[in-house]
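Letters A, B, ... are given to chains in the order of the sequence lines, protein chains preceding strands, and every chain is numbered from 1.
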Amino acid sequence: MKINGKFPAWKKKKRKDNDGKRIKNGTKIVSINGISRQNGGQEPNLAMLSVKKKKKLRKKKINGTATIQMKEELMNSTVQMTNGVLTKKTNIELKQIITASSPPKTTQSMTPKSINTNSTPISKKPNVATPSKNTEPKPKNSPREDATYEKFIRPQLPIDVVEQQLMHELASQETLIVIGETGSGKSTQVPQLCVRAGIAEKGLIAVTEPRRVAAVSLASRVAVEMGTDLGGAVGYHVRFENVTSHRTKIEYMTDGIVLRKALVSPLLDKYSTVIIDEAHERSLHSDVLMCILRKCQAQRRGTDNPLRLIIMSATLQADKFQAYFDNAKVVLVSGRTFPIEVHHVNPKINKSFSATDYVYNTVICVKHVHLTEPKGHDILVFLTGSEEIEAVAYQLAELNGSLPREADFILPVPLYAALRPEKQREAFQKTPQGARKVIISTNIAETSVTIPGIRVVIDSGKVKTKRFEASNRIDVLKVHNVSKAQAKQRAGRAGRDAPGKCYRLYTREDFQKFDAENMPEILRCNLSATFLELMKLGMKNPHRLGWIDPPESQNIDAALLELTSLGAIRPINSDRSKFVLTEMGDVFCMYPLSPEHARILFQAQKEGCIMEAIKIVAAMQTDALFSGGSDSKSDAEVERVRRKFETREGDHITLLKIVLTTNDFFDQLNAKTEADARYNKSNKSLEREYNEAIRKFCNDNMINEQHLKTGSMIEDQLKQIAIEQNVKFSTCGADFSKIRKAIAVGLFLNSCEYDRQEDRYRLMINPAITVKIHPSSALSRSKPAYIVFSELMKTNDLYALQVTLIDADWVRPLITEHKKIRKNHLAETAQRIQQIVKVEPKAKKQKLNATF
DNA sequence: GAGCACTGC
């Protein structure tokens with residue numbers, strides 16, 4: 001929320017809200033409890049000014065504490081890394097930012113996890129944290145660590161009740177399904193039970209998590225419980241960070257890392273047990289893992305190193321998992337959340353209620369809750385996107401002017417992933433005296449972060465999701481209703497610390513119409529990258545693969561067509577039902593990239609510009625490097641800086657320019673810092689100056705520091721892989737046509753030709769589809785004859801994002817080839833469907849088991 | 001001249 005300076009960008013322009021009503025320059029008739037009132041954007045009243053002043057004061061307070069916390073973190077890490085070279089320090093800082101933006105890690109706080117609460121008040125009372133048996137011996141490490149362990153006493157957890165049963169099942173079952181709600185302790189205790197049951201002697205216990213924060217914080221927590229240091233008996237492995245050793249017995253990992261490991265060692269024989277946590281989330285990676293591990297288990301069955309699988313889930317999909325894993329046993333663990341009172345909108349009472357204008361409803365609801373709920377109970381609001389969130393935050397701040405004198409002050413705090421880390425941190429600050437914090441969030445607060453002190457949840461019932469349209473290869477970003485499970489999850493966020501309330505801005509009848517569960521990711525994304533990995537593991541026919549929820553046939557074919565056209569796979573039988581990796585496809589697998597992006601690198605090697613290609617492709621993996629429009633800059637200044645990097649050749653070359661500029665800056669900065677170090681400057685002041693210089697550079701050039709660092713780490717990772725692949729490093733200098741050709745070849749499926757009559761671009765592989773260049777692109781005004789884009793996004797129109805000027809001759813042969821393959825492909829698909837229809841169900845099942 | 005949720009290797 002902007003306090004000083006100009007109004008937020010959304011306010012300056014006319015915009016349509018979801019009901020189609022125009023909100024003009026912030027002026028909107030707000031009717032609260034029947035009393036209409038006009039908040040004029042042009043005439044800020046006195047109450048409004050005093051609000052700003054008040055807020056400014058409170059802001060100051062908050063920032064004060066933040067600085068102190070950050071300083072402490074900085075000092076801790078400096079102690080650990082004083083002998084590091086200064087260039088390494090960027091890494092240290094990144095780590096700090098990651099930890100700082102994750103939920104506070106105390107011995108009491110648990111990882112962000114899924115919750116499942118009933119929609120009616122739950123009578124279960126949470127266990128009081130009582131001192132219980134300390135199951136593990138005390139550590140004998142450094143004195144500092146000893147102090148930490150002595151303080152630690154694990155509270156009793158619901159899972160303790162079924163400990164004996166779990167131990168028994170672990171000893172006898174090959175696959176086990178553990179269903180446990182939030183707070184049951186399954187994520188921390190089940191791996192430890194495995195160790196105690198003696199399973200870990202044959203091999204490591206792997207625990208997979210869908211998010212990095214979860215893997216890291218769970219590992220830290222379990223390390224404390226087991227009385228070992230992190231990276232000792234308990235470790236974690238996420239991208240860019242491997243904190244494990246030869247002593248490690250329990251390894252927390254992100255599911256993507258386990259998939260990568262499976263590509264290198266398909267039997268995963270280092271691990272005796274793999275525990276898949278949060279399986280109910282149905283992330284792409286966990287679905288693929290379950291598919292692979294089932295195969296893996298079959299192959300290791302009967303050997304002296306069988307694979308044990310534990311599927312952990314928070315919701316009722318047990319039946320589905322049970323059927324998938326051959327009637328595996330299910331152990332139920334009760335959860336430990338506080339009772340939550342759920343209120344739905346009742347149209348009979350709330351006469352003015354309109355189901356579509358949820359932004360307006362939100363403001364009304366916050367006001368109602370604010371005036372009726374006890375002071376000090378913070379509110380968490382779920383909305384769909386940044387624009388909405390900023391709008392509500394603004395209106396709530398204005399609401400303060402009309403509150404009764406005795407009422408507390410409303411402190412709106414936006415929270416979404418694209419927000420700068422320091423802004424995100426405000427959501428975790430303690431609420432100032434005399435205020436009520438209202439966090440207005442996207443679904444980031446559903447699972448990824450846990451905010452303390454929330455007692456009331458307001459749920460719009462909406463979520464923005466991306467779905468892949470296989471027929472046109474288009475990503476569609478749209479607002480949808482949440483699922484029932486998601487609504488429960490959101491409600492559960494009110495019951496973390498104490499009994500809570502949830503207000504749903506939809507009727508009970510609407511809720512009944514919602515889907516039961518979230519749509520699994522595998523059903524709504526491009527499958528080409530996944531299939532490439534599975535083919536590396538020996539899969540030949542994706543149509544015959546046993547998924548929990550099989551993707552649509554059309555979607556599977558689209559991925560096969562894409563991979564074939566990119567030259568990553570080729571058919572091995574005449575009816576094109578079986579495929580195998582080509583040599584090039586094998587190389588693609590080594591890179592953590594989509595097949596298209598890997599193809600750019602492959603081509604760049606031929607063209608002699610691999611260095612530049614790696615920089616560009618790495619930058620393409622992160623969110624926008626250039627973050628124009630940040631609040632303290634004027635439009636003219638944003639334009640000026642944007643022009644500095646813009647090139648006529650397109651947005652990919654612009655990315656390269658930004659990366660090269662920052663590289664130069666870092667070279668100079670490092671040289672200067674090294675020189676300063678010779679004059680005996682203290683480490684601390686050097687580091688401060690170093691970080692300040694980076695901050696200033698990023699601010700001046702409107703570069704997102706976080707994304708820049710992520711990009712640079714990806715660049716290092718890609719370089720490392722290229723070295724392992726014996727790639728000859730080459731650079732094209734100022735001859736950008738080489739790199740443009742490599743990009744064109746990699747993204748040839750996205751090449752377009754300008755249609756002057758329509759003033760739009762026609763997709764060369766499918767001229768029926770016309771698109772517009774997104775206005776954020778450097779090429780949106782120059783309109784060259786031929787372009788490729790990175791991504792096509794359907795919002796209000798069909799927009800091409802990240803566009804580069806190309807030569808049509810570079811892509812024409814590839815497009816001709818693609819059309820040929822597609823023609824055959826369609827014919828073969830029709831033929832195959834005929835065959836499948838003929839197959840008897842029984843025979844079909846046998847075949848399914850025989851092929852992978 | 002638009003305005004984009006969230007993860008992950």
Side-chain angles (χ1 to χ4, degrees), chain A residues 8-10 12-16 112 208-215 237-242 253-264 278 281-289 382-391 415-419 441-449 460 462-467 475-480 482 486 518 521 524-525 529-530 532-533 588-594 597-598 618 621-624 628-629 635 639 710 713-714 717-718 720-721 759 772-777 779-781 783 791-802:
Chain A
W10 62 269
K12 289 188 304 183
K13 292 165 197 160
K14 292 174 183 179
R15 59 173 277 278
K16 268 191 170 181
T208 81
E209 296 292 331
R211 280 167 293 278
R212 302 167 50 149
V213 261
H237 190 171
V238 297
R239 193 179 194 180
F240 309 128
E241 249 188 308
N242 184 355
M253 288 177 275
T254 39
D255 37 26
I257 285 276
V258 187
L259 265 180
R260 283 274 130 195
K261 289 193 176 185
L263 290 189
V264 184
E278 315 284 16
E281 282 190 24
R282 305 297 305 276
S283 78
L284 174 66
H285 286 159
S286 84
D287 268 24
V288 174
L289 260 183
F382 284 104
L383 287 173
T384 72
S386 57
E387 199 187 3
E388 257 166 42
I389 288 173
E390 295 293 352
L415 180 68
Y416 46 89
L419 208 60
S441 170
T442 59
N443 41 349
I444 192 173
E446 240 170 58
T447 48
S448 305
V449 298
S460 64
K462 302 285 177 190
V463 63
K464 206 174 272 181
T465 38
K466 207 172 177 177
R467 288 186 189 171
D475 282 321
V476 184
L477 193 65
K478 227 176 107 183
V479 173
H480 297 270
V482 296
Q486 207 171 356
N518 294 357
E521 196 180 352
R524 52 181 177 85
C525 70
T530 300
L532 194 70
E533 284 165 359
F588 288 3
C589 286
M590 304 319 291
Y591 292 94
L593 297 170
S594 71
H597 292 177
Q621 311 308 307
T622 65
D623 295 327
D635 286 357
E639 266 312 291
T710 311
M713 290 209 282
I714 295 173
Q717 194 186 16
L718 296 180
Q720 193 53 45
I721 296 167
D759 190 26
K772 261 169 130 174
I773 298 181
H774 194 273
S776 64
S777 164
L779 298 186
S780 66
R781 277 156 293 189
K783 293 177 183 163
E791 206 184 342
L792 203 56
M793 180 69 81
K794 192 172 171 182
T795 47
N796 287 325
D797 199 337
L798 208 48
Y799 288 106
L801 303 172
Q802 255 178 12

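- Dashed line: the shortest gap from a side-chain N or O of A:Asn796 to OP1 or OP2 of B:dA2 is not under 4.0 Å.
- Note on A:Tyr799: only backbone sugar-phosphate atoms sit closer than 4.0 angstrom, heavy atoms only; bases stay farther off.
- Atom CG in A:Leu383 sits roughly 15 Å away from atom C1' in B:dC4 (whole-Å rounding).
- Of all non-hydrogen atoms in A:Pro592 and A:Arg239, the two that sit nearest each other are CG-NH2, 3.6 Å.
- We find that CG of A:Leu289 is positioned 14 Å from C1' of B:dT7, with the value rounded to whole Å.
- Counting non-hydrogen atoms under 4.0 angstrom, A:Leu801 reaches a base of the nucleic acid.
- Of the N and O atoms on the side chains of A:His285 and A:Ser283, not one donor lies less than 3.5 Å from an acceptor on the other residue.
- Applying the side-chain contact (heavy atoms from CB on, under 4.5 Å) test to A:Asp759 and every residue at least two apart in sequence or in another chain returns A:Tyr754, A:Lys783.
- Among the protein residues, A:Ser776 comes within range of no part of the nucleic acid, since none of its heavy atoms lies under 4.0 Å from any strand.
- Comparing B:dC6, B:dC9, B:dA5 against the side chain of A:Ala417 picks out B:dC6 as the nearest.
- Residue-level contact check: A:Leu477 touches the bases, meaning some heavy atom is under 4.0 Å from a base atom.
- Rounded to an integer number of Å, the gap from NE2 of A:His237 to C1' of B:dG8 is 13 Å.
- The phosphate of B:dC9 has OP1 or OP2 within less than 4.0 Å of a side-chain N or O from A:Thr254.
- One N or O on the side chain of A:Ser460 and one on the backbone of A:Phe382 form a donor-acceptor pair closer than 3.5 Å.
- Among the nucleotides B:dG8, B:dC4, B:dT7, the one closest to any side-chain atom of A:His774 is B:dC4.
- Going from atom NE2 of A:His597 over to atom C1' of B:dG8 covers 15 Å, rounded to whole Å.
- The interatomic distance linking A:Leu718 (CG) with B:dG8 (C1') rounds to 15 Å, in whole Å.
- When rounded to the nearest whole Å, the span between CD1 of A:Ile257 and P of B:dG8 equals 11 Å.
- Distances shown here put a side-chain N or O of A:Ser386 below 4.0 Å from the OP1 or OP2 atom of B:dA5.
- Annotation: of the two residues near DNA chain B, A:Asp797 and A:Arg260, the 5′-most nearest-nucleotide partner is A:Asp797.
- For A:Leu532 and B:dG8, the CG to P distance is 22 Å, given to the nearest whole Å.
- The nearest whole Å value for the distance from the OH atom in A:Tyr416 to the P atom in B:dC6 is 10 Å.
- Contact annotation: A:Thr795 side-chain N/O to B:dG3 OP1/OP2 distance is under 4.0 Å.
- The side chain of A:Arg212 places an N or O atom within less than 4.0 Å of a non-bridging phosphate oxygen (OP1 or OP2) of B:dC9.
- Evaluation of the side chain to side chain donor-acceptor pair (under 3.5 Å) rule for A:Asp623 yields no partner, not counting sequence neighbours.
- Judged by closest nucleotide on DNA chain B, A:Ala418 is the one of A:Ala418 and A:Leu593 placed further toward the 5' end.
- Looking at A:Tyr416 and A:Glu390, their side chains do bring a donor and an acceptor atom within 3.5 Å of each other.
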